[in-house]
2 protein chains.
Amino acid sequence: MTDEPRQLHLNAFLMNTGHHEASWRLPESDPYSSTSIRHYTRLAQIAERGRLDSIFFADSPTLWGTIGRRPSGSLEPTVVLAAIAAQTERIGLIATASTTYNEPYNLARRFASVDHLSGGRAGWNIVTTATLDAARNFNLDELPSHASRYARAEEFLQVAKKLWDSWDDAAVLADKESGLWGDDRLLYPAGHEGEHFQVAGALNVPRSPQGHPLLVQAGSSEDGKAFAANHAEAIFTAQQTLAEAQAFYADIKRRAKAAGRDPDAVLVLPGIVPVLGATEAEARELEAELDRLIVPQYALNNLAKQLKLDPSELDLDRELPEHLPTEDEIEGAKSRFTLIVDLARRERLTVRRLIGRLGGGRGHRTFTGTPEQVADAIFEWFDGDGNGLAADGFNIMPAVLPSGLEAFVDQVVPILQDKGRFRTEYAGSTLREHYGLARPENPRRREALEAAVKGVLAHSR
Amino acid sequence: MTDEPRQLHLNAFLMNTGHHEASWRLPESDPYSSTSIRHYTRLAQIAERGRLDSIFFADSPTLWGTIGRRPSGSLEPTVVLAAIAAQTERIGLIATASTTYNEPYNLARRFASVDHLSGGRAGWNIVTTATLDAARNFNLDELPSHASRYARAEEFLQVAKKLWDSWDDAAVLADKESGLWGDDRLLYPAGHEGEHFQVAGALNVPRSPQGHPLLVQAGSSEDGKAFAANHAEAIFTAQQTLAEAQAFYADIKRRAKAAGRDPDAVLVLPGIVPVLGATEAEARELEAELDRLIVPQYALNNLAKQLKLDPSELDLDRELPEHLPTEDEIEGAKSRFTLIVDLARRERLTVRRLIGRLGGGRGHRTFTGTPEQVADAIFEWFDGDGNGLAADGFNIMPAVLPSGLEAFVDQVVPILQDKGRFRTEYAGSTLREHYGLARPENPRRREALEAAVKGVLAHSR
Ligand SMILES: Cc1cc2nc3c(=O)[nH]c(=O)nc-3n(C[C@H](O)[C@H](O)[C@H](O)COP(=O)(O)O)c2cc1C
Ligand SMILES: Cc1cc2nc3c(=O)[nH]c(=O)nc-3n(C[C@H](O)[C@H](O)[C@H](O)COP(=O)(O)O)c2cc1C
């Protein structure tokens, strides 16, 4: 061990013209960016210039709400990341995909393929997809219950891991002389027969550079945290206050430990929406301009949907109604619901002001200021205040793209580097190496060897 | 109309070290090419240098047979093509995907995404996946029947088309001034309720540059041809003799016409496996070297599987057994089965010689010779012998890659160009433009306009 101080991990969460819902209306923004691979490739290259660990795309297999309000629709993230892989060298590439609306064989294979073609840079943000709209695109009339979605997710991950481990790392012989390309004894077919899935074969892709893609998770409900403790290696989360973030951090680490895992191998990355200016006044001016560009009626409809209310129940100039559903009654995104209600109640926000706060980061911590102030805000959570840590790094969600990412990379990152808390060069080449996580061993290999040894022992008796 | 002679269309079918099953054993071959994006990108760039219409990847969601015999496993084609799109400008990009083991919302979206990120170069080779192995990776114990696979495929295409047409081309307004990004009235949700699928919403991707990806089909059974007549714009097919190819060509064009389509907008592309040498003797030497490198026992097992026989029923030095299953009894790849049996019977081949013939192109026409002879072989089928045409172009399946593709592009293509039968520059930028096919109109727009007109008329009464 060296005396190097604990190092930050930084992910850039990319979303068309930025995380502020009105960012597309700024003169500088390309309102067609959601379908522009040039735009996303440029963002990835900026993030790589800043030596960030990874970029990330959210996703849901549905057109969310109306298209009137802001750029809507988005290219499927695994193909976008494959295209970006071809134009970058080191940056990690994390795509969201749903366990509720995919088949494990197809999805495990797609991530293994991106891992191969990127030289070990693939990550999967595992989500269960919380909207009825999505269910109705997949032969269903109702949203499957929260519990049943997580039960399927659990088995999905078991199958995916069996598939990623279905080729021994040594299975390919490539022996031209004998004509033997692979060793069939080093294939470990999944042979899975479970409640949700029956998957017989081996994957049709050799084990990938990282063994498994980096596994990321982003649901903060009870079931979500339990799932994260079993499987996640990095966790994205929306936290508004240091105290809440500390509690979440401690809870995740405790659960990981209880699940028999090394808590240091489960990284917690809260979101932060930086709104940057050369001076504080400039930053505030950008923030105010963005908020002025919000169309309140669209945002109100959206908020009503998240709170399971009728839009007529919300008044822009009043606080939220007294009687709201409880988290129990929400079958969709439970933890996001609670976060929004807590924020509104805690700060006694009118619907208009709540919309402003959510418009910036949809519930994530927004922070407006100079590069130094943003760096301080990062260290406040990263180092904690003596009552425990709150983060192993951050999910950077620029309010405006590309300019907000450029500002972060060119002005904030150098401060983090000067303080010795962030890399100035990539040390490794895979996403796991960036996050300091080991390549998983193949448990099937051990099982196979044990079986072989038993066979020899039985014979020698 | 100009007097330009009828123009060839050429697709390069890419497969690791080449279509000859022993190609990986040549000193020049990279036996790890099946997971190498560099290899595939290089092949695409060679094809683009030759101004070919497109490249193509076959696919099946299963590990076929054993890994001993030849490079096995392959990266998922849509992500591979996305990566290649980033490193090429014009060449069309066709991926195979199964209607039996995908959901229409996910797959329609993925192809629309590749179409966006490639600037209109995506094509989909629609297959129903003929193996039990694949079924067993998707919760099934049995291969769904041939008829039921094609019934699902038919409805799958209906849904996919509704989804690709679910955004009007004019739906995105991007009006920063008013804050209106899109016009919700120009969304046409799928609203599909069928036997296999229920898909409510609009796609979460705006209509793509080509409207629909180019639709390609490759099954030659009765059901396959009926499906092709309804949907396919290009057809890959394995044909051994000119007479058979002519009959197939005439049949497809007739069926397309009967289905109310323009037969010229359904292109027939038989496969050809060129084995090239500077002299005929050199070409024959390469062919002989490749055949020597086949391991007969592996190939025999494979043939037995295709013929639904036990390997013990085949003898390398005899012809096929007298009693074989009939095409009716085959639930897998019906037309390939018949082709193999016909070839063996017609030429009275021993199993060893049959294996040699199939080892080169798995049932596709192989042709060994000089560049001039290969060009002549192409024209023989392209122009016909007075008894009708046999092809609108070819699916080029080099026995060895990359060298066989390089030889084709550098030595055969110039002959085709000199004769004025193949482009020397791309005229368009989309895959449809390369194949001379129109961008599909959006029928939903017409429906919506008609409904609006009716509404106005009703009001004015
Ligand atoms: C940074 C971040 C990104 C997320 N991205 C997605 C996403 O892309 N798709 C999705 O369905 N859910 C996403 N989620 C999770 C949802 O917000 C929601 O929490 C989840 O679908 C249900 O989890 P829960 O009920 O356990 O909270 C994300 C969450 C966070 C914190
Ligand atoms: C050039 C060519 C490529 C093909 N590629 C695939 C493929 O990638 N995956 C697949 O399942 N079938 C593929 N097929 C089709 C199968 O060979 C088989 O014909 C099909 O799955 C069943 O169709 P059929 O029974 O209508 O003949 C291809 C056929 C041809 C001629």
Side-chain angles (χ1 to χ4, degrees), chain A residues 24-25 31-32 35 37 41 60-63 66-76 78-80 82-83 85-87 101-103 105-106 109-110 113-114 116-117 133 136-139 167 171-172 174 176 179-184 187 197-206 293 295, chain B residues 24-25 31-32 35 37 41 60-63 66-76 78-80 82-83 85-87 101-103 105-106 109-110 113-114 116-117 133 136-139 167 171-172 174 176 179-184 187 197-206 293 295:
Chain A
W24 70 276
R25 296 183 67 189
Y32 297 97
T35 51
I37 190 71
T41 302
S60 189
T62 180
L63 186 65
T66 77
I67 66 171
R69 182 178 170 219
R70 57 168 299 166
S72 299
S74 52
L75 306 183
E76 195 284 322
T78 61
V79 295
V80 171
Q87 304 274 5
Y101 303 115
N102 280 288
E103 285 294 322
Y105 198 92
N106 289 336
R109 185 199 184 192
R110 200 129 45 83
S113 298
V114 176
H116 275 289
L117 65 82
D133 288 357
R136 298 184 65 228
N137 291 334
F138 293 86
N139 306 336
W167 290 56
V172 178
K176 291 183 181 182
L180 207 60
W181 186 80
D183 185 343
D184 285 295
L187 283 186
F197 305 111
Q198 209 179 308
V199 179
L203 201 60
N204 52 355
V205 181
L293 292 172
V295 179
Chain B
W24 71 275
R25 297 182 67 190
Y32 296 97
T35 52
I37 191 70
T41 302
S60 189
T62 180
L63 186 65
T66 77
I67 66 170
R69 181 178 171 220
R70 56 169 301 165
S72 300
S74 53
L75 306 184
E76 194 284 322
T78 61
V79 295
V80 171
Q87 304 274 5
Y101 303 115
N102 280 289
E103 285 294 323
Y105 198 93
N106 289 337
R109 184 197 185 195
R110 200 129 45 83
S113 298
V114 176
H116 274 289
L117 65 81
D133 288 356
R136 297 184 66 229
N137 291 334
F138 293 86
N139 306 336
W167 290 56
V172 178
K176 291 184 181 182
L180 207 62
W181 186 79
D183 184 342
D184 285 295
L187 284 185
F197 305 112
Q198 209 178 310
V199 178
L203 202 61
N204 52 355
V205 182
L293 291 173
V295 179

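What you see is a predicted model; the values in this text were computed from it and never measured. Chain letters run A, B, ... following the sequence lines, proteins first and then strands; every chain starts at 1.
- With respect to chain A, the highest number of heavy-atom pairs below 4.5 Å among B/G201, B/S113, B/A171 belongs to B/S113.
- Between chain A and the options B/V80, B/V79, B/I37, heavy-atom pairs under 4.5 Å are most frequent for B/V79.
- Contact of A/T41 with chain B is not made at all, since no heavy-atom distance falls under 4.5 Å.
- Here the shortest heavy-atom pairing between B/N137 and A/Y105 reads ND2-CE1, 3.3 Å.
- Atoms CH2 and CG, from B/W167 and A/L63 in turn, are 5.5 Å apart once rounded to the nearest 0.5 Å.
- The part of A/D183 that comes within reach of chain B is its backbone (N, CA, C, O), which places non-hydrogen atoms under 4.5 angstrom from that chain.
- Nearest heavy-atom pair across B/G179 and A/W24 is O-CZ2, 3.4 Å.
- Heavy-atom pairs under 4.5 Å with chain A peak, among B/D133, B/L187, B/V114, B/V205, at B/L187.
- The shortest heavy-atom contact between A/K176 and B/P31 is CE-CD, 3.9 Å.
- No more than 12 heavy-atom neighbours from other residues, nucleotides or ligands sit within 6.0 angstrom of CZ on B/R136.
- Taking CH2 of B/W181 as the reference point, atom OG1 of A/T66 lies at 10.5 Å (rounded to 0.5 Å).
- Looking at B/V295, the atoms closer than 4.5 Å to chain A (heavy atoms on both sides) all sit in the side chain, from C-beta outward.
- Of all the listed residues (A/A85, A/A174, A/S72), the one sharing the greatest number of non-hydrogen pairs under 4.5 Å with chain B is A/S72.
- Taken from CD in B/E76 to CG in A/L203, the straight-line distance is 11.0 Å, to the nearest 0.5 Å.
- Put simply, of A/P61, A/P71, A/A200, the one with the most heavy-atom pairs under 4.5 Å next to chain B is A/P71.
- Residue A/P206 comes nearest to B/T35 through the heavy atom pair CD-CG2, 3.6 Å, listed as atom of the first residue, atom of the second, then distance.
- Interatomic distance, A/N204 CG to B/S74 OG, rounded to the nearest 0.5 Å: 5.5 Å.
- Rounding to the nearest 0.5 Å gives a distance of 7.0 Å between CZ of B/R110 and CG of A/N106.
- Between B/A86 and A/A83, the shortest heavy-atom contact is CB-O, 3.5 Å.
- Residue B/L117 touches chain A through both its backbone and its side chain, counting heavy-atom pairs closer than 4.5 Å.
- Separating the CG atom in B/N139 from the CD atom in A/E103 is a distance of 5.0 Å, to the nearest 0.5 Å.
- In this structure, chain B has heavy atoms under 4.5 Å from both the backbone and the side chain of A/A202.
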